[in-house]
Amino acid sequence: MKKYIAEVVFLLAATSLFVLFSVNPPAPKPEPIPEPEPIPIPEPVLLFGLPADSFHIETRNIQRNQNLSDILVKKNISYQMIDQLARKSKAIFDVRKIKHKNPYHFFLKKDSLQTPAYFIYEIDNTDYVVYQLGDSINIYRGQKPIHRQLRTASGTIKSSLWNAMTENNINPVLANELSDIYQWTIDFYGIQRGDQFRVIYEEMYVDSTPIGIGEIFACQFQHMKQDFYAFQFEQDSSLSYFDQEGNSLKKAFLKSPLEFSRISSRFSNSRYHPVLKIRRPHHGVDYAAPTGTPVRSIGDGVVTRKAYQRRGGGNYVYIKHNSVYTTCYMHLHGYAKGIAPGVRVKQGQIIGYVGATGLATGPHLDFRVFRNGSPMDPLKVEAPPVEPVNEANKAAFEAVKDSLSRQLELIPLSS
């Protein structure tokens with residue numbers, strides 16, 4: 001009986017709850033209140049590492065014969081502070097080296113007097129010096145961030161490599177860089193109309209202004225229908241350039257003792273001498289260049305002779321490079337400091353300067369090469385490559401070379 005009563009009570013309770021929730025259903029749960037979205041705080045605009053939005057900025061260029069005192073006194077900066085700035089700046093930047101046309105900037109406080117807070121002088125495209133003005137003087141140097149952009153270029157020679165660069169809107173400094181890479185392989189005084197090039201390189205920018213050439217990763221230079229490749233590869237923690245076979249582009253000798261010049265007379269066994277008015281052998285190559293043009297040793301060696309020949313080569317230097325080769329540099333205007341018999345010189349080291357001493361009608365370098373004591377045509381010297389890719393690095397080099405070769409082939413040749 002008790003069990004029956006309990007069951008009835010349970011059924012009545014359940015029925016009551018059903019009726020209650022049917023008539024008055026439970027209120028829905030409230031929707032969650034969304035959190036307010038954070039208000040974005042703009043990044044401060046920095047100029048020379050300073051928050052530009054916090055100041056009024058005035059920019060001008062250095063005028064001719066203008067100095068630091070001329071500039072600062074116009075902003076009511078006392079001569080006493082100017083003197084302190086100049087003295088304190090010596091270890092950081094010599095204010096006497098301020099250059100005409102270089103830009104400078106005043107960062108002025110946003111007060112009624114527009115009080116100068118900072119003076120910034122741009123030393124060059126990247127470096128600048130900051131002068132913090134006020135009760136405590138602070139001076140420091142800074143550098144603008146440099147951005148590197150990967151670029152490709154190509155061209156066909158019509159007159160010169162430099163002109164080919166400018167004609168194709170390429171930074172002409174790239175011509176100098178290619179000349180350095182190929183200086184052991186291609187005689188850039190002898191490049192011809194129709195020669196072509198492709199190159200993969202970096203160009204460096206500050207803001208949107210190009211400031212120079214960065215790394216050159218690969219080049220293809222077609223000279224006299226022959227392709228000369230250069231691939232940048234790191235070996236023994238050093239970056240260098242190698243050809244398709246993994247031979248270093250660096251040779252035992254430079255192709256020329258001068259940078260940019262022109263050949264005015266070639267190797268000959270019977271040349272008409274412009275001063276003596278007779279025919280006689282000319283066992284060298286004459287490079288016409290302005291007086292004072294630096295003359296470089298084409299390879300490591302030892303100076304064996306340094307003398308003057310009044311009725312001949314004028315000031316001259318002989319350098320012995322090894323048991324086979326000796327070179328001679330004649331008609332020098334003068335010698336580089338320290339050049340004397342017995343002195344060891346490095347490849348590319350300046351040994352003298354172009355002149356017109358001795359029997360010469362104008363400034364030029366008479367350059368001669370002797371092989372086992374006999375004169376030979378300097379333009380036909382072939383020096384073996386050095387430091388090839390070693391066996392341990394061959395697989396890595398092949399992978400780099402193949403990748404860069406494919407990229408070079410995709411560059412259209414400009415006519």
Side-chain angles (χ1 to χ4, degrees), residues 179 183-184 187-190 251-383:
S179 176
Q183 62 181 312
W184 298 278
D187 183 359
F188 273 79
Y189 308 121
K251 306 285 185 178
F253 298 133
L254 299 178
K255 289 292 286 185
S256 167
L258 299 179
E259 292 191 351
F260 288 102
S261 181
R262 67 179 178 86
I263 295 174
S264 56
S265 183
R266 295 176 179 266
F267 186 93
S268 172
N269 287 316
S270 178
R271 184 194 71 157
Y272 183 78
H273 196 284
V275 177
L276 299 177
K277 309 298 183 185
I278 58 172
R279 289 198 168 273
R280 68 176 192 176
H282 180 252
H283 289 159
V285 171
D286 287 349
Y287 290 95
T291 298
T293 299
V295 176
R296 307 173 298 172
S297 171
I298 67 165
D300 294 355
V302 176
V303 176
T304 56
R305 294 164 65 187
K306 170 191 168 185
Y308 178 78
Q309 187 181 44
R310 187 172 68 87
R311 296 292 295 172
N315 294 318
Y316 65 87
V317 172
Y318 275 75
I319 297 175
K320 185 175 180 62
H321 300 284
N322 50 36
S323 61
V324 177
Y325 289 101
T326 298
T327 54
C328 175
Y329 310 79
M330 305 171 72
H331 303 300
L332 300 175
H333 178 70
Y335 307 98
K337 185 177 180 180
I339 295 300
V343 170
R344 179 166 290 278
V345 295
K346 291 289 186 181
Q347 184 182 69
Q349 181 177 334
I350 297 173
I351 57 170
Y353 305 91
V354 170
T357 56
L359 282 180
T361 57
H364 71 283
L365 173 71
D366 185 345
F367 174 58
R368 305 195 175 198
V369 176
F370 300 87
R371 188 176 189 276
N372 294 322
S374 300
M376 67 172 297
D377 188 345
L379 301 179
K380 295 181 179 178
V381 174
E382 293 185 5

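Numbering of residues begins at 1 and proceeds along the displayed sequence.
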Donor + acceptor pair across side chains of T326, H321 (<3.5 Å) | no

Q183 and L254: which non-hydrogen atoms are nearest, and at how many Å?
-> OE1-CD2, 3.1 Å

Report yes if some heavy atom in the side chain of D286 is under 4.5 Å from a heavy atom in the side chain of M330; otherwise report no.
-> no

Identify the residue among P378, S256, P257 that makes a side chain to side chain contact (heavy atoms under 4.5 Å, CB included) with V285.
-> P378

Working to the nearest 0.5 Å, report the span between CZ of R305 and OH of Y316.
-> 4.0 Å

Looking at V343 and G338, what are the two nearest heavy atoms and their distance?
-> CG2-O, 3.4 Å

Run the side chain to side chain contact (heavy atoms under 4.5 Å, CB included) check on Q349 and I339 step by step: do they pass?
-> CA-CA 10 Å; Q349 181 177 334; I339 295 300; 4.2 Å; yes

Would you check if L365 and H331 make a side-chain contact, meaning some heavy-atom pair closer than 4.5 Å?
-> no

Please examine the side chains of Y329 and V354, heavy atoms only from C-beta on, and report whether any two atoms are closer than 4.5 Å.
-> no

Would you mind reporting whether V345 and D300 have side-chain heavy atoms less than 4.5 Å apart?
-> no

Closest heavy-atom pair, A360 versus T357, reported as atoms and distance to 0.1 Å, is CB-O, 4.1 Å

Is it true that H364 and Y287 have ring centroids separated by less than 6.0 Å?
-> no

Using the six-membered ring wherever Trp is involved, compare the ring planes of F370 and Y318 and label them parallel, tilted or perpendicular (cut-offs 30° and 60°).
-> parallel

Work out which heavy atom in L258 is nearest to a heavy atom in R296; give both atom names and the distance.
-> O-NH2, 3.3 Å

Side-chain donor or acceptor of K320 paired with backbone N/O of G301 under 3.5 Å = no

Chi angles and distances behind the side chain to side chain contact (heavy atoms under 4.5 Å, CB included) call for Y335, N315 | CA-CA 8 Å; Y335 307 98; N315 294 318; 3.3 Å; yes

Could you tell me whether the side chain of Q347 and the main chain of S297 form a donor-acceptor pair under 3.5 Å?
-> no

Which pair of non-hydrogen atoms, one from P363 and one from P290, has the smallest distance, and what is that distance?
-> CB-C, 4.4 Å

Let me see the working for V302 and I319 under side chain to side chain contact (heavy atoms under 4.5 Å, CB included), right down to the final yes or no.
-> CA-CA 5 Å; V302 176; I319 297 175; 6.0 Å; no

Do T327 and Y325 get their side chains close enough for a donor-acceptor pair, meaning under 3.5 Å?
-> no

Does the side chain to side chain contact (heavy atoms under 4.5 Å, CB included) test come out yes or no for W184 and F253, once each step is laid out?
-> CA-CA 7 Å; W184 298 278; F253 298 133; 5.9 Å; no

Does any non-hydrogen side-chain atom of L332 lie less than 4.5 Å from one of V295?
-> yes

